[in-house]
Structures are given as C-alpha cells and as structure tokens.
Q: 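Okay, handing you the structure first.
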Amino acid sequence: MRWSQTLIPTMKETPADAEIPSHQLMLRAGLIRQLMAGAYTYLPLGTRAIRKASEIVRQEMDRTGAVELSMPALQPIELFERTGRRDAFGNVLINFPIRRRDHNVHLALGPTHEEVVTDLMSRLISSYRQLPMTVYQIQTKFRNEERPRFGVLRTSEFLMKDAYSFATTVEQLNESYQKMYDAYCRIYSRCGLEFIPVEAESGPIGGDASHEFMIPADNGEDRIVRCDSCGYAANLERADTGRNHQAPASTENQPPPETVDTPGLGSIEAVANFLKIQPSEMIKTLIYLADDKPVAVLLRGDHEANDGKIRRALSAQTLEMADNATIERSTNAPVGFAGPVELKIPILVDHDVSLMSTAVVGANAEDKHTTGVVPGRDFTFDTTFDLRNAEAGDPCPKCESKLEFVHGIEVGHVFKLGTKYSEALEAEFLDEKEQRHPLIMGCYGIGVNRIIAGLAETCHDENGLIWPVSVAPYEVELIPLNVSDPEVMKHAESIYSELQQAGIDVLMDDRDARPGFKFKDADLIGIPLRIIVGGKGLKEGIAEIKWRRGGDAEKIPLAEAANDAINKIQAEQNRLSNQ
RNA sequence: CGGGAUGUAGCGCAGCCUGGUAGCGCGCUUGACUGGGGGUCAAGAGGUCGCAGGUUCAAAUCCUGUCAUCCCGACCA
C-alpha cells in the first residue's frame with residue numbers, strides 16, 4: 001500500500017480527551033476515531049491490526065478443533081427472559097421494541113451468545129455421539145456500558161471471539177477447557193503480549209472453573225495479586241491470602257473491657273479518629289444475610305470484606321448485606337454500633353481478628369463502643385477463616401513468599417459454565433442408556449480490541465507505537481526519502497514490488513514530504529521494520545534497514561534489501577509463533 | 001447513578017473575571033525555495049464561539065436550562 005492512497009491521519013498533538021497512552025497513541029497514529037462515547041471507527045491501520053489479531057485467534061481456535069460459525073447480533077428478548085439474564089444484565093443489555101406489521105417485536109443486541117448458542121444446540125444435538133463439540137465466532141458484541149472509558153478499552157460495542165463447548169461429562173468439559181486455556185496462551189504469545197493467567201471468581205462450580213487472562217499494565221482496570229517467586233496469580237476477588245487459623249492471642253493480664261461514649265460515630269474511621277487509635281486496632285462487625293439468616297462477620301477494622309469468601313465459608317447459596325431493620329433487630333442498636341460481645345447471632349471470624357490482643361468494637365448500643373475487648377475471652381469462636389480481600393504483603397497461599405499487586409487489562413476469560421443455560425433452555429442429549437441429560441457447557445471469550453489496545457498500552461516509547469510483526473498493520477514501512485528523485489524512486493519501487501510479491505505487508509511512504517517528517521510519522525505508527533532509500537545510501541549502493549524497537553540501522557546492498565527484509569520478517573514471525 | 005471538569009476553525013489553546021471588530025500555534029490550499037529527524041518565505045481558505053431561552057441598545061463573555069465529552073467513584077454474565 002502507498003501512504004498517499006490510504007487514510008492514515010496522524011496527529012502531532014495529543015487530543016485533550018485522551019488520557020492513557022493506548023488511547024492517545026491509537027488516535028495519534030491514525031488507528032481510530034471516536035464517533036461517540038464508547039463507539040469508535042477503526043481506520044485502515046486499526047482495521048488491519050484487528051484483522052491480524054482476529055486471524056491469529058481464528059488459527060488457534062481451528063487448531064483446537066473448534067468450528068467457526070456466525071450467530072445473529074439481533075436476538076429475541078425472550079431468550080434472556082428464559083435464562084433470567086434480562087434482569088441479571090439489567091441496563092447493560094441493549095434492547096428495544098421494533099414494529100413489524102401490526103405487532104411489536106422486542107429485540108436485544110447480543111452482549112454475548114450463551115442463550116443463542118444453547119438454543120441452537122438444543123435443536124441440533126440429540127445424541128452423546130455428537131459430542132464433545134466446540135463452536136466459536138468472532139463478532140461484534142453490544143453492552144450498554146454505564147461509563148465507557150479509556151478509549152477503546154471499555155466501549156459499548158466491541159469485537160469478541162466467543163467460543164462455547166458442549167460435553168456429556170465433566171471430564172469432557174475439563175478437556176475442552178484445558179485446550180482453550182492452552183490456545184489462549186499461544187494466542188497471546190503470538191500477539192507478542194506479556195500476559196498472566198489468573199484464577200478468577202468461579203461462581204457455582206468452584207475450584208479451577210474460571211481463569212482470566214491479564215495484560216499487566218498500570219492503567220488496567222482490574223487488580224490482581226501475584227507471587228513473584230512461585231507464579232501464583234489471582235483476581236483480587238478470588239485471591240487466597242495464605243493465612244491460616246490462629247489460636248486467639250494470650251488472654252492473660254488484660255484489663256476488662258470498658259464501654260465508652262461515641263456519639264454519632266458509626267464508622268470505623270470516625271471512631272478511630274475520636275479515640276485516637278488506628279483502624280487496625282478495631283474490629284469491624286458486618287451483619288450479613290446468608291440464605292436469609294443473619295450472621296455477623298468480624299474483620300480487622302482496616303480490612304475489606306470479600307463476599308465470595310464469606311459465602312463459601314458459610315456454604316451459603318446467597319449472601320447479601322443485611323438491611324437496617326435486620327441489623328437493628330440482631331444488635332439492638334442502630335447501624336454502626338454492632339459488636340461481637342454477647343451477640344445473639346452466629347459470628348464468623350477472620351484469621352487476623354484472632355491475632356489482635358485487644359480491640360475496640362461496637363457495644364451493640366446506640367452511640368457506644370467497647371474498648372479493651374479480647375478475642376477469645378470476651379467473645380468466643382472455634383475457628384477462623386479467610387474472609388477479606390488480599391492485600392500487598394499477605395503471605396502467598398502456595399509458597400513462603402509474599403503477594404504483590406499489579407494492575408491488569410482483561411483480554412480473555414475462560415469459564416466452566418456447567419448446565420445453567422442448558423437446563424434453562426432444555427438443551428439435552430441422550431446417553432447410551434437413553435437417559436436425557438443437560439449439555440455440560442464451557443464458554444471462552446477474547447476481547448480482540450483489547451489485544452490491540454493492550455499492545456498499544458504496553459508496547460510504545462516516547463516516539464510512538466512499537467508493533468510486534470504478528471499484529472502490525474504492515475510488517476514493513478518503506479521510505480523513499482525524496483520522491484522527486486527518479487533514482488531513489490526507481491529502487492524504492494523495485495523493493496516495493498519485490499516485497500509485495502513475497503507476500504509481505506508493506507507500506508510505502510510515497511508522500512512528498514521532508515525526511516524528518518516521514519521519520520516522525522514512521523516512529524508514531526510503529527511499523528516494526530523500516531527500509532530507507534535515500535540519496536546518501538544510494539551513493540554507497542545500499543538501503544538502510546532498521547527495527548522500530550531499536551538497534552542500529554543495517555546497510556544492505558540495494559539489490560539484496562528486499563530479500564534481507566523478507567528473511568528478517570519471516571524469522572521474527574517464526575520466533576513469535578514458536579515461543 | 002453520585003462527585004468534578006470542559007465545550008471557541010480539523011487538532012491544541014487564548015479571549016470570558018471587567019459585555020462592543022473572534023484571535024494564536026499546528027494542520028489545510030496556492031506558489032517559490034528546500035530535501036537524512038515534524039523546514040523557510042509569500043499569499044489564502046476555514047468559526048451562526050455545543051444548543052435553547054433570558055438580561056441588555058449590544059452576549060463567546062452575564063443568568064437559567066439543556067446536550068455532549070472527559071476524569072474519580074458505584075456498576076461491569
């Protein structure tokens with residue numbers, strides 16, 4: 001492609017609305033333009049990058065034996081009502097009535113395709129002999145993001161690869177899941193991305209039923225914890241803290257508790273300020289409803305509750321914060337003054353609470369707290385649990401080391417669904433004994449736009465983007481420095497057509513502009529390999545070949561330049577696909 | 001949905017407080033020069049100042065409303 005014949009609107013200045021590097025660079029390098037909040041046009045360079053990433057995804061999906069199909073973005077709302085997800089999605093689900101002849105049809109734009117694919121399979125699968133089966137598609141999804149942000153990272157319309165596996169047994173599901181997991185690792189490696197697979201909140205199936213794939217990036221929306229020494233990594237919601245049950249600290253020689261007035265001070269922070277103590281010297285008493293029964297959860301004052309862990313510790317189906325009436329009934333005090341001493345409902349204690357020798361707690365009376373409370377003496381418990389979010393410095397659950405926090409961009413998610421959708425939509429198969437069973441499903445998503453944005457976010461320098469060859473819009477940028485010099489153009493044209501014939505994606509900057517201008521643009525759009533043909537080199541009979549990522553330019557005889565570039569590109573492509 | 005900010009030429013911004021001719025840089029057009037890291041000179045084109053209403057002889061500027069965009073938070077199968 002010749003630069004003069006395509007559309008690459010580069011910008012010298014950074015648009016004011018773009019805050020993070022990927023957004024700024026994608027705009028400045030002419031990959032995208034915004035139409036409205038949460039919706040972007042992909043210009044030619046952006047489209048080419050998306051296409052390259054999609055093709056890698058497609059190849060790796062095919063390699064697992066998954067088969068590609070294409071389902072409608074338009075979906076009847078009834079499907080979402082049958083699975084209960086119309087409510088679950090709420091406002092996120094874009095849906096609207098349309099007029100058809102004399103009646104209304106209520107449609108949704110697909111936020112994902114569990115319903116459609118399950119409905120499809122319920123009609124097409126009847127025997128265990130057809131299974132296992134995995135299908136996938138690469139298609140635009142729609143979700144009404146309450147707050148689109150970070151450029152292309154969080155939008156209401158985005159390109160997603162979604163795959164769905166169907167199995168007769170949990171073993172079959174596990175096998176499909178593992179294949180997808182491995183394929184995801186290959187995909188991100190081939191895209192030149194650094195990535196971390198993390199254990200994610202897995203819902204009803206539990207165990208290893210869900211992993212997210214994260215690109216470590218300071219601007220990532222997700223917080224993950226990881227251990228540098230053993231490689232353990234998990235979503236913040238999911239991360240174990242590696243702490244164990246501790247017997248209560250010594251109860252000897254502590255003075256008895258005292259009740260103090262704390263008028264109107266119902267928060268940890270306010271009480272700590274008032275008593276001139278640290279929040280870590282207090283115990284937070286949270287009242288929950290677990291399967292509709294009240295229970296008190298005790299955490300150290302500076303810690304954050306983790307609802308998933310609490311729910312699992314109680315083996316409860318549902319868990320929610322108690323309403324004010326329940327709190328008042330359970331504690332005989334208004335919200336903000338709950339404490340564990342002589343509390344009439346069951347209490348659940350976090351590991352760290354038992355390590356406190358003495359603590360300040362709510363007194364279960366309005367405007368009063370109790371100081372000098374000793375866990376194990378003033379209230380008792382048999383065991384303790386991991387009930388809070390992990391924090392930096394917590395012990396690693398898998399080794400001796402400590403956990404650290406990193407931010408990440410979620411670029412993929414694999415999930416063992418089980419039979420939630422197949423039961424709701426009656427997608428069943430007949431086993432060898434003619435018994436009916438619901439299909440056992442898995443679902444697997446990759447945000448294709450996020451691969452591109454993630455690369456832009458993590459692979460750049462102060463001059464612009466630095467694409468890996470595998471997803472670069474073009475592999476080679478050929479720069480004739482003076483297009484009005486016939487000698488320069490003769491050699492440039494010949495290298496250009498040689499590269500094209502070899503199947504290399506080459507962009508020739510044929511604009512009549514000064515060299516410095518073209519160099520700046522080349523740095524900005526970040527094409528990995530650059531060939532320069534200019535007057536200086538011509539005198540020596542050479543072209544200069546240089547990687548965008550750095551290093552010195554090589555001087556290659558003009559006649560060999562194209563071949564040299566072809567070899568370099570192929571070697572780099574091989575390196576990325578074999579690593 | 002709560003909090004904050006910003007809307008003036010394609011992009012970045014000034015002007016607004018103190019009402020009176022709409023400005024700068026980049027980009028764009030034409031020409032000449034120039035030609036290895038965002039060139040120089042000359043001549044141009046381009047804006048109902050987000051929108052609506054109000055105050056005023058007069059509104060980019062003051063007031064009210066509204067819309068849009070961005071940021072923080074809540075939310076995110």
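Proteins come first, then strands; the chains are lettered A, B, ... in the order of their sequence lines, and each starts at number 1. Given the structure is predicted, the values throughout are model-derived calculations rather than measurements.
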Q: Return the pairing partner of rC1(B) with a 3.5 Å limit on both distances, Watson-Crick or G-U wobble; otherwise return none.
A: rG73(B)
Q: Quick check: do Tyr136(A) and Val57(A) have side-chain heavy atoms less than 4.5 Å from each other?
A: no
Q: Measuring only the C1' atom in each nucleotide, how far is rC49(B) from rU6(B)? A whole number of Å is fine.
A: 14 Å
Q: When rounded to the nearest Å, what value does the distance between C1' atoms of rU55(B) and rG65(B) take?
A: 15 Å
Q: Atom CG of Leu25(A) and atom P of rC11(B): how far apart are they, to the nearest Å?
A: 18 Å
Q: Does the ring of Tyr177(A) carry Lys416(A) above it, NZ/CZ under 6.0 angstrom from centre and within 45° of its axis?
A: yes
Q: Work out how far the C1' atom of rA32(B) is from that of rC13(B), and round it to whole angstrom.
A: 31 Å
Q: Roughly how far apart, to the nearest Å, are rA22(B) and rC16(B) at atom C1'?
A: 12 Å
Q: Could you give the distance separating rA58(B) and rG15(B) at their P atoms, to the nearest angstrom?
A: 26 Å
Q: Base, sugar-phosphate, or nothing for Thr83(A), non-hydrogen atoms under 4.0 angstrom?
A: nothing
Q: Strictly under 4.0 angstrom, non-hydrogen atoms only: write out the protein contact profile of nucleotides 35-45 of chain B, one letter per nucleotide from the 5' end, B, S or -.
A: BBBBB------
Q: Would you please indicate if the ring centroids of His211(A) and Phe213(A) are separated by under 6.0 Å?
A: no
Q: Partner lookup for rC24(B), please. Criteria are Watson-Crick or G-U wobble with both distances under 3.5 angstrom; report none if nothing qualifies.
A: rG12(B)
Q: With RNA chain B as reference, determine whether Glu146(A) or Thr112(A) sits nearer its 5' end, using the nearest nucleotide of each.
A: Glu146(A)
Q: On a whole-Å scale, what distance lies between the P atoms belonging to rU61(B) and rA45(B)?
A: 27 Å
Q: What is the distance, rounded to the nearest whole Å, between atom CG of Asn91(A) and atom P of rC1(B)?
A: 9 Å
Q: Tell which nucleotide pairs with rA45(B), taking only Watson-Crick or G-U wobble pairs whose two distances are both under 3.5 angstrom.
A: none
Q: Could you tell me whether the side chain of Tyr188(A) and the main chain of Val411(A) form a donor-acceptor pair under 3.5 Å?
A: yes
Q: What does nucleotides 66-71 of chain B look like as a protein-contact string, B for base, S for sugar-phosphate only, - for none, at under 4.0 angstrom between heavy atoms?
A: ---SSB
Q: What is the pairing partner of rC17(B), taking Watson-Crick or G-U wobble pairs with both distances under 3.5 Å in any strand?
A: none
Q: With the threshold set at 4.0 Å, does a side-chain nitrogen-carboxylate oxygen contact exist between Arg82(A) and Glu115(A)?
A: no
Q: Using atom P in both nucleotides, what's the gap between rG37(B) and rA43(B) to the nearest angstrom?
A: 29 Å
Q: Is it true that Glu544(A) and Arg530(A) have a side-chain N and a carboxylate O under 4.0 angstrom from each other?
A: no
Q: Would you kindly check if the NZ (Lys) or CZ (Arg) of Arg48(A) is within the cone defined by 45 degrees around the ring axis of Tyr474(A) and under 6.0 Å from the six-membered ring centre?
A: yes
Q: Who is the Watson-Crick or G-U wobble partner of rG36(B), with both distances under 3.5 Å?
A: none
Q: Please determine whether any donor N or O and acceptor N or O are separated by less than 3.5 Å between the side chain of Glu13(A) and the base of rG25(B).
A: yes
Q: Tell me whether Lys141(A) is salt-bridged to Glu157(A), with the criterion being a basic N under 4.0 Å from an acidic carboxylate O.
A: no
Q: Identify whether the distance between the nearest side-chain nitrogen and carboxylate oxygen of Asp461(A) and Arg548(A) falls below 4.0 Å.
A: yes
Q: If I pick the P atom on rG54(B) and the same atom on rA60(B), what distance separates them, to the nearest angstrom?
A: 15 Å
Q: Which base sits across from rC62(B) as a Watson-Crick or G-U pair, both distances under 3.5 Å?
A: rG54(B)
Q: Got a list of side-chain donor-acceptor pairs under 3.5 Å for residues 11-23 of chain A, not counting sequence neighbours?
A:
unit_1, atom_1, unit_2, atom_2, d
Ser22(A), OG, Glu457(A), OE1, 2.6
His23(A), NE2, Tyr40(A), OH, 3.1

